Amino acid sequence: MKVPVRVTVNGRKHELLADTRMVLVDLLREELKLTGTHIGCGTGSCGACTVILNGQTVKSCCILAADVDEQSITTIEGLSTGAHELHPIQEAFVANQGLQCGYCTPGMVLSALQLLTDNPNPTEDEIRHGISGNLCRCTGYVLIIKSILEAVKAMQAKRAA
Amino acid sequence: MKYVGQSIPSFTNRTLVAGHGQYAADIQLPGMCWMAVLRSPYAHAQILSIDAKKAEALPGVLYVLLGREIENTVGPMPLRADPANYGGKTRRTCALPTERVGFVGEAVAAVVAEDRYTAHQALELIDVEYEELPVVTDAKTALRPGTPLVEPEWGDNVMLHREFVSGDVTRALREADGVVRGAVKAHRYVPAPLEPRVCAANYDPYQDLLTLWASTQTPHTLRALLAEHLKMPETKVRVIQPHVGGGFGMKAVGSPEEVMVAYLARKLRRPIRWVEERTEHFLAAGHCRETVLEFEAGYKKDGRLSGLQARVIADVGAARTGYGWAQSFVTAYCVPTAYKVPDCTVELFSVVTNKCPWTGYRAFGKEAASFLMERVLDRVADATSIDRAEVRLRNFIPANEFPYSQVSGAMLDSGDYPQAMRKVLELIDVAGFKTEQAEARRQGKYLGLGCSFALTPEGCALPNSFIQGYDGATVRVAPSGQVTVLTGVTSPGSGNETGIAQIVADTLGVAVSDIRVIQGDTETCPYGLGNFSSRSLMVGGAAAKIAATQLREKMFTVAAEALEVSPTDLDAEDGRIYLKGAATRGIAIGEVAKLIYQNAHGREACGVEPGLEATRYYRLENVYHQPEKDGRFSSYPTWPYEAVAAVVEVDPETGVVKVLRYASVHDCGKIVNPLLVDANLHGGIAQGLGGTLYEQLVYDDAGQLQTATFMDYTLPTAVEMPSNLILEHQETPSPFTPLGVKGAGESGITGPLTAIASAIENALPHLKLELMETPFTPYRLWQAIQDASRG
């Protein structure tokens with residue numbers, strides 16, 4: 001069975017029919033072709049599918065597509081407008097090698113964005129807890145944490161300017 | 001400007017951070033359908049019948065594939081690492097079984113449907129009638145006579161039995177001042193890259209061309225296997241490795257699912273995708289490491305080892321089509337690691353059970369050898385009341401004895417182990433620790449310090465297998481002077497493309513930003529073995545350097561004509577070839593390229609062959625496959641190593657261990673990119689700490705996996721990683737590789753095993769714990785504390 005879903009993704013409105021069994025991550029990846037959101041476990045444990053739903057990070061593998069009717073979503077594709085206009089968090093990840101294989105990265109960046117939106121000046125410990133819902137197998141988190149700390153500085157400098 | 005030695009962030013960062021990477025699951029083609037796999041619920045059972053009629057009748061289902069069809073068409077899968085080549089036993093295995101399943105999760109049937117949801121719904125409609133057979137889940141039990149057979153035609157449960165002998169261990173143990181005996185046990189792991197296994201295939205019937213996109217580490221090897229197995233011309237199979245979401249050794253050749261996707265795409269003439277679910281990954285992608293290592297070690301009063309008898313019993317799971325079993329061979333091959341034990345016997349039993357087959361994982365068995373030796377030395381230290389670090393210093397192979405021939409025939413290339421150990425003790429502040437420990441104790445906290453040494457040989461080359469010690473690279477200078485490098489090595493996300501670009505930039509004297517590296521496409525890249533055993537810079541970087549050197553010489557010949565000087569008087573940097581000592585007299589590399597491409601009959605270029613492209617191969621030195629005496633051979637050209645030390649806090653009430661600081665002194669030879677070497681080390685250490693403290697696969701007696709999600713198999717998060725991580729490097733260039741590099745991808749993961757165990761023991765000295773079995777999860781450690789308190 002399919003149900004109508006009207007959803008705003010990265011500022012753009014979509015109207016589509018979704019299988020009632022379909023989860024949000026499949027709607028994003030298969031229907032809207034936004035493949036920057038990844039699937040690592042399907043059980044809400046790894047965070048690779050993290051997106052921002054109405055100002056909160058959620059694991060999009062654990063939400064039914066039908067449940068996002070009339071909601072607003074930001075995915076990694078909504079964070080930058082082009083290759084040279086990355087978000088300061090993304091720039092910090094690039095410069096500080098805050099990624100390797102890149103599979104966890106979109107979710108990790110969105111969790112960092114939500115963290116810095118809620119708390120613009122977090123301690124290192126708050127950063128560790130803020131990304132503890134996102135697993136990374138490559139980096140040992142060391143350079144991810146460094147990237148987020150650098151992003152905090154860059155965003156503060158930007159606000160001051 | 002020289003690039004080798006500089007910290008340059010990976011070239012792929014920008015694409016990946018923007019979410020614009022293309023992984024195999026992102027391949028979407030018109031008409032693409034999904035494959036899903038039905039898996040065995042039993043660890044050992046006869047398949048009496050399979051009825052797929054209801055599944056086939058479900059709207060949206062295109063096809064159901066069963067073992068009988070595979071058996072009758074393509075037959076058993078070719079092996080790329082056959083135990084028989086090492087004196088072991090072979091099993092004939094098809095991508096789907098016809099008669100018998102041998103582990104929970106083994107593929108039994110495959111469904112192709114228009115979408116993922118329908119494919120999974122169809123799996124539930126396939127009726128399979130099984131008759132359960134006796135199950136073997138423990139390797140030591142499997143060795144006992146009378147135990148049921150995992151492979152009835154083998155006669156016993158031993159896949160491979162080997163022995164490495166040096167000197168006279170019986171005499172050495174008899175003449176020792178004391179002997180320590182016991183066993184260490186490594187538990188079962190799953191590599192768990194965040195991207196599970198994925199592949200997609202498309203078949204073009206007009207060209208008879210099969211294209212497979214796979215999250216693989218070995219595209220060319222996979223192409224050769226698919227062509228042989230599907231009986232297609234190898235030139236009509238193309239394997240593309242898109243971005244890979246981590247491999248860690250588990251994504252090399254041998255997966256039945258890749259065969260099925262390719263077979264079905266060709267048969268159904270529809271593009272097909274298979275994306276492994278995480279639970280499938282836990283059940284069937286491959287496990288590793290579960291090994292018991294029994295030892296009897298003789299020592300002298302001064303703490304020197306005088307003899308070692310070791311017995312390696314590896315539970316390699318079911319025998320199937322992969323290469324993971326080879327890790328057990330590597331474990332035995334590496335004993336006695338970094339230490340001088342001339343009288344030594346190592347016996348290996350690679351044992352099959354009704355559990356998931358092994359696959360490759362970072363450290364590839366070397367970690368078990370180090371775990372054994374490090375724990376043996378700790379027991380010797382305790383027996384002689386000599387400091388644990390000091391015992392290591394007394395047993396290390398001295399720096400002036402390299403290259404050193406080890407018991408198995410392994411040729412350890414270079415290093416200074418004692419210096420690394422002394423340095424790491426300084427970094428962890430061993431001198432101030434006693435005071436720190438006493439102060440913490442007054443506050444009711446239990447702190448402990450432990451040290452360890454890890455030997456992680458790299459560049460593996462095994463006879464008669466896909467694990468080979470050579471690779472190729474093509475370097476191409478365009479008429480503009482910009483450079484393309486195509487390599488046979490691949491990157492699972494670790495950044496070797498950036499390191500290779502740095503090497504080529506220095507060789508040609510061009511900016512690294514003018515270099516593009518292309519990897520992982522059998523259609524365009526030279527034949528190569530891909531990525532494993534930290535080989536990418538060692539062999540791929542060397543091949544690229546040789547090819548680039550050839551072009552450099554050609555460009556120097558033409559530049560010398562243009563400048564009217566001798567080629568030997570020239571040098572190149574920053575995109576220019578110039579006269580040494582008179583840098584203003586030079587010519588841009590782009591100009592030289594133009595002379596070659598656009599004025600081939602001109603004065604400057606008419607003496608050289610047109611074109612600016614070279615494909616060259618490099619074969620590793622210090623590898624010997626023609627066995628010397630006693631059948632010994634050398635499989636690893638380089639031997640990176642690491643001395644580590646950890647300070648932990650233990651809560652004896654709960655068994656929870658917190659790593660307060662962790663130090664490592666690492667030697668991977670010449671470092672091309674310090675940032676990326678450290679990044680790899682961070683990941684290795686995190687995986688090592690995870691395996692030591694949190695992760696464990698558990699089977700019950702019926703062979704059912706009890707830990708098949710990330711909720712049961714707990715990977716470390718950012719919260720568990722120590723905030724005080726201290727890394728330093730020694731750079732002892734390997735005398736055997738052109739760049740002096742040794743490989744850095746697997747280091748980090750082995751050190752925690754013993755450093756953490758030793759630190760926990762040190763935190764609770766009154767209990768005299770002997771932690772010989774990983775992991776040290778809170779419950780298991782709490783149990784050990786209870787047992788010791790009662791004892």
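What you see is a predicted model; the values in this text were computed from it and never measured. A note on names: the letters A, B, ... follow the listed sequences, proteins ahead of strands, and every chain is numbered from 1.
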Note to self: Tell me which of these, B/Gly495, B/Gly246, B/Ser723, has more heavy-atom pairs under 4.5 Å with chain A than the rest.
What the structure shows: B/Ser723
Next item on the list: Return the option, out of B/Ser494, B/Ala686, B/Gly684, B/Ala679, with the maximum number of heavy-atom pairs under 4.5 Å with chain A.
Entry: B/Ala679
Notebook entry, point to check: Would B/Glu649 and B/Arg661 pass as an ion pair if we require N to O under 4.0 Å?
Noted result: no
Next item on the list: Measure distances from B/Pro492 to the heavy atoms of chain A and classify the residue's part below 4.5 Å as side chain, backbone, both or neither.
Entry: backbone
Notebook entry, point to check: Which pair of heavy atoms, one from B/Tyr662 and one from B/Pro722, lies closest together, and at what distance?
Noted result: CB-CG, 4.3 Å
Next item on the list: Look only at the side chain of A/Arg128 and the backbone of B/Ala718, and say whether a donor-acceptor pair between them is shorter than 3.5 Å.
Entry: yes
Margin query: Which one wins on heavy-atom pair count under 4.5 Å against chain B: A/Gly36, A/Gly140, A/Cys101?
Written below: A/Cys101
Next item on the list: Heavy-atom distances under 4.5 Å only: say whether B/Gln28 touches chain A with side chain, backbone, both or neither.
Entry: side chain
Next item on the list: Measure B/Asn680 against the heavy atoms of chain A and call it side chain, backbone, both or neither at under 4.5 Å.
Entry: both
Check: Salt bridge between A/Lys2 and A/Asp19, side-chain N to carboxylate O under 4.0 Å?
Finding: no
Item checked: A/Asp26 vs A/Ile39 side-chain heavy atoms within contact, under 4.5 Å -> yes
Next item on the list: Below 4.5 Å from any heavy atom of chain B, which atoms of A/Tyr103 appear? Answer side chain, backbone, both or neither.
Entry: both
Notebook entry, point to check: Taking the inter-plane angle between the rings of B/Phe282 and B/Tyr713 on a 0 to 90° scale, is it parallel (under 30°), tilted (30 to 60°) or perpendicular (over 60°)?
Noted result: perpendicular
Next item on the list: Answer yes or no: is there an ion pair linking B/Lys251 with B/Glu195, defined by an N-O contact shorter than 4.0 Å?
Entry: yes
Notebook entry, point to check: Side chain, backbone, both or neither: which part of B/Glu280 has a non-hydrogen atom closer than 4.5 Å to chain A?
Noted result: neither
Checklist line | Closest-packed option against chain A by number of heavy-atom pairs under 4.5 Å, given B/Ile8, B/Val244, B/Ile685 | finding: B/Val244
Check: Quick one: what part of B/Leu681 sits under 4.5 Å from any heavy atom of chain A, side chain, backbone, both or neither?
Finding: neither
Notebook entry, point to check: Using non-hydrogen atoms only, which part of B/Leu725 is less than 4.5 Å away from chain A: side chain, backbone, both, or neither?
Noted result: side chain
Margin query: Quick check on the structure: residues of residues 16-25 of chain B within a heavy-atom distance below 4.5 Å of chain A, by number.
Written below: B/Leu16, B/Val17, B/Ala18, B/Gly19, B/Tyr23, B/Ala25
Margin query: One pair to check against salt bridge (charged side-chain N to carboxylate O under 4.0 Å, His left out): B/Glu277 and B/Arg116. What are the steps and the verdict?
Written below: CA-CA 11 Å; B/Glu277 310 242 311; B/Arg116 183 151 75 98; 3.2 Å; yes
Check: Should A/Met22 and A/Leu64 count as side-chain neighbours, where that means a heavy-atom distance under 4.5 Å?
Finding: no
Checklist line | For chain B, the option from A/Glu30, A/His38, A/His129 that forms the most heavy-atom pairs under 4.5 Å | finding: A/Glu30
Checklist line | Contact class of B/Ser491 relative to chain A, heavy atoms under 4.5 angstrom | finding: neither
Margin query: Any carboxylate oxygen within less than 4.0 angstrom of a Lys/Arg side-chain nitrogen, looking at B/Asp26 and A/Arg29?
Written below: yes
Note to self: Just so I understand: if I count every heavy-atom pair under 4.5 Å between each of B/Ser7, B/Gly247, B/Pro193, B/Ser10 and chain A, which residue has the most?
What the structure shows: B/Ser10
Notebook entry, point to check: So does B/Arg516 have more than 12 non-hydrogen atoms from other groups sitting under 6.0 Å from CZ?
Noted result: no
Checklist line | Note, B/Arg278 side chain near B/Pro196 side chain (heavy atom, < 4.5 Å) | finding: yes
Margin query: Please rank B/His682, B/His243, B/Glu276 by heavy-atom pairs under 4.5 Å with chain A and give me the top one.
Written below: B/His682
